[in-house]
Amino acid sequence: MSDEAADDRQVALVTGAAGGLGGCIARRLHERGFRVALTDLDAAAAADAAEELDPTGRSAVGLALDVRDKAAFAAVRDRLTERWGAVHVLVNNAGHSKVEVLMEITPESFSGVVDTNLNGTFYGCQVFGEYFAARGYGRIVNIASLAGQNGGTATGAHYAAAKGGVATLTKVFARDLGARGVTVNAISPGPQDLPVVRRTVAPERLAQIEATIPVGRLGRPEFIADMAVLLSSEHADTVTGACWDANGGLHMR
Ligand SMILES: NC(=O)c1ccc[n+]([C@@H]2O[C@H](COP(=O)([O-])OP(=O)(O)OC[C@H]3O[C@@H](n4cnc5c(N)ncnc54)[C@H](O)[C@@H]3O)[C@@H](O)[C@H]2O)c1
């Protein structure tokens, strides 16, 4: 039996995993014993990130996956089942945010942001929801956002609306797939201490935002990654349709 055939580690696919939060989630899943597929629009960066985790390619692989393309999810699913036998976990993390003045958002810009953040999550949930349900087991973790709950502070209306939609889709898929061994949950992070945040939010604005956070600091992406690992585990079988907040107290239910 080959090494790979003898390997019973579960397989997790993370979208938008070339860096940022997705890279962090993929690293954590790998540390916790999953084989991981790091997928991204930027295939070369995803391959580099995978190589950092495992230069042999036995337990980490980088692949191109544009989440705006439903067929791309199916193609990656097929490549992974061929390579590792099955997929057990999908983390819909890919996203992009734009800071734009509400009344100046063009139809193209609105659709573009919704396409990645909301449609991408929908396609992932459809393709893998169906596949997981047929196998009787699966975990889907959708990365939503505080912006989807409070309308956003440092982001645009398109992003906030799309993330609100991600939280709603999570419930719809959770209800549909619950009886077939598949859980679907969302994580809703507040502002994280990540490169994209420091790149897109001016330092003065960031200081203002930090001052409004009850705990007084930006979130740690490693903690969000730990939440994703917990929701991806087999014993998380009674958590579904949930949205776990980690926002420093910015939004309390
Ligand atoms: N950074 C935060 O504070 C924060 C807060 C709440 C939620 N989030 C969410 O966390 C997730 C990751 O955000 P991040 O901060 O790491 O951002 P990021 O911009 O650093 O990373 C996003 C990744 O997604 C990839 N990507 C973009 N469009 C894609 C597409 N169409 N197909 C596949 N990959 C694509 C990018 O190449 C990039 O690697 C996003 O869903 C974001 O909305 C982030």
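None of the values given here were measured: they were computed from a predicted structure. In each ligand, atom 1 is the first atom listed, and ligand 1 is the first ligand listed.
- A side-chain donor-acceptor contact under 3.5 Å links Ser59 and Asp54.
- Residue contacts with ligand 1, taken as heavy atom pairs separated by less than 4.0 Å, involve Leu41 via backbone and side-chain atoms alike.
- Under a 3.5 Å cut-off, the side chain of Asp66 and the backbone N or O of Leu41 do not form any donor-acceptor pair.
- Looking at atom 43 (O) of ligand 1, its nearest protein heavy atom turns out to be Tyr159 OH, 2.5 Å.
- In terms of polar-atom proximity, Asn117 is not counted as a contact of ligand 1, lacking any N or O under 3.5 Å from an N or O of the ligand.
- For atom 39 (O) of ligand 1, the closest non-hydrogen atom on the protein side is Asp40 OD2, 2.7 Å.
- For atom 5 (C) of ligand 1, the closest heavy atom belonging to the protein is Gly190 O, 3.4 Å.
- By the criterion of a heavy-atom distance under 4.0 Å, both the backbone and the side chain of Pro189 are placed next to ligand 1.
- From Lys98, atom NZ reaches atom CZ of Phe110 across 11.5 Å, with rounding to the nearest 0.5 Å.
- Checking atom 17 (O) of ligand 1 against the protein gives a heavy-atom contact under 4.0 Å.
- Contact annotation for Leu194 and ligand 1: only side-chain heavy atoms (C-beta onward) come within less than 4.0 Å of the ligand.
- At least one N or O atom of Val67, backbone or side chain, sits closer than 3.5 Å to an N or O atom of ligand 1.
- With hydrogens and angles ignored, the 3.5 Å screen pairs no side-chain donor or acceptor of Thr81 with any backbone N or O of Ala86.
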### Query
How far apart are the C-alpha atoms of Val91 and Leu29, what are their side-chain angles, what is the distance that settles it, and do they pass the side-chain contact (heavy atoms from CB on, under 4.5 Å) test?
CA-CA 10 Å; Val91 182; Leu29 284 163; 4.2 Å; yes

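- Between Asp245 and Arg253 there is a salt bridge, since at least one side-chain N of the basic residue sits less than 4.0 Å from a carboxylate O of the acidic one.
- The closest approach between Ala46 and ligand 1 stays at or above 4.0 Å for every heavy atom of the residue.
- Residue-ligand proximity, Leu21 to ligand 1, at heavy-atom distances under 4.0 Å covers atoms 10 (O), 12 (C), 16 (O).
- At least one heavy atom of Asp66 sits under 4.0 Å from some atom of ligand 1.
- Under the 4.5 angstrom side-chain criterion for Ile, Leu, Val, Met, Phe, Trp and Tyr, Tyr137 has no cluster partners at all.
- Every atom of ligand 1 is numbered from 1 in the order shown, and the set under 4.0 Å from a heavy atom of Leu65 is 32 (N), 33 (C).
- Polar contact with ligand 1: present for Asn93 (N/O pair, distance under 3.5 Å).
- Put simply, CG on Leu65 and OH on Tyr123 are 12.5 Å apart, with the number rounded to the nearest 0.5 Å.
- Every atom of ligand 1 is numbered from 1 in the order shown, and the set under 4.0 Å from a heavy atom of Val197 is 1 (N), 2 (C), 3 (O).
- Contacts with ligand 1 closer than 4.0 Å are made by side-chain heavy atoms of Val196 only, the backbone lying farther away.
- A heavy-atom separation below 4.0 Å is not found between His96 and ligand 1.
- Put simply, part of Ala144 is less than 4.0 Å from ligand 1, judged by heavy atoms.
- With hydrogens and angles ignored, the 3.5 Å screen pairs no side-chain donor or acceptor of Thr39 with any backbone N or O of Ala64.
- Applying the 4.0 Å criterion to heavy atoms of Ala94 picks out, from ligand 1, the atoms 24 (O), 33 (C), 34 (N), 35 (C), 41 (O).
- The backbone N or O of Gly190 sits less than 3.5 Å from a side-chain atom of Gln192, completing a donor-acceptor pair.
- Gly120 does not count as a contact of ligand 1, since none of its heavy atoms falls under 4.0 Å from the ligand.
- The closest protein non-hydrogen atom to atom 9 (C) of ligand 1 is Ile143 CG2, 3.6 Å.
- Partner Asn142 forms a side-chain hydrogen bond (donor to acceptor under 3.5 Å, both in side chains) with one of Asn185, Thr170, Thr121 and no other, that one being Thr170.
- Of the polar atoms of Lys163, at least one N or O is found under 3.5 Å from an N or O of ligand 1, judged by distance alone.
- At least one N or O atom of Gln192 sits closer than 3.5 Å to an N or O atom of ligand 1.
- Residue contact annotation: Thr15 has no non-hydrogen atom under 4.0 Å from ligand 1.
- Atom 27 (C) of ligand 1 has its nearest heavy-atom neighbour, among Gly16, Gly95, Gly22, in Gly95.
- Against a heavy-atom cut-off of under 4.0 Å, Pro191 is close to the following atoms of ligand 1: 3 (O).
- Distances below 4.0 Å separate heavy atoms of Ser145 from the following atoms of ligand 1: 6 (C), 7 (C).
- Panel note: side chain Ser188, backbone Ser145; a donor-acceptor pair is recorded below 3.5 Å.
- A donor-acceptor contact shorter than 3.5 Å links the side chain of Tyr131 to the backbone of Val87.
- For the atom pair NZ of Lys163 and CD of Gln149, the computed distance is 11.5 Å after rounding to the nearest 0.5 Å.
- Look at Arg28 and Glu31 and you find a salt bridge, because one of the NZ, NE, NH1 or NH2 atoms lies within 4.0 Å of a carboxylate O, short of that distance.
- Without hydrogens or angle criteria, Arg58 side chain to Asp7 main chain gives no donor-acceptor distance under 3.5 Å.
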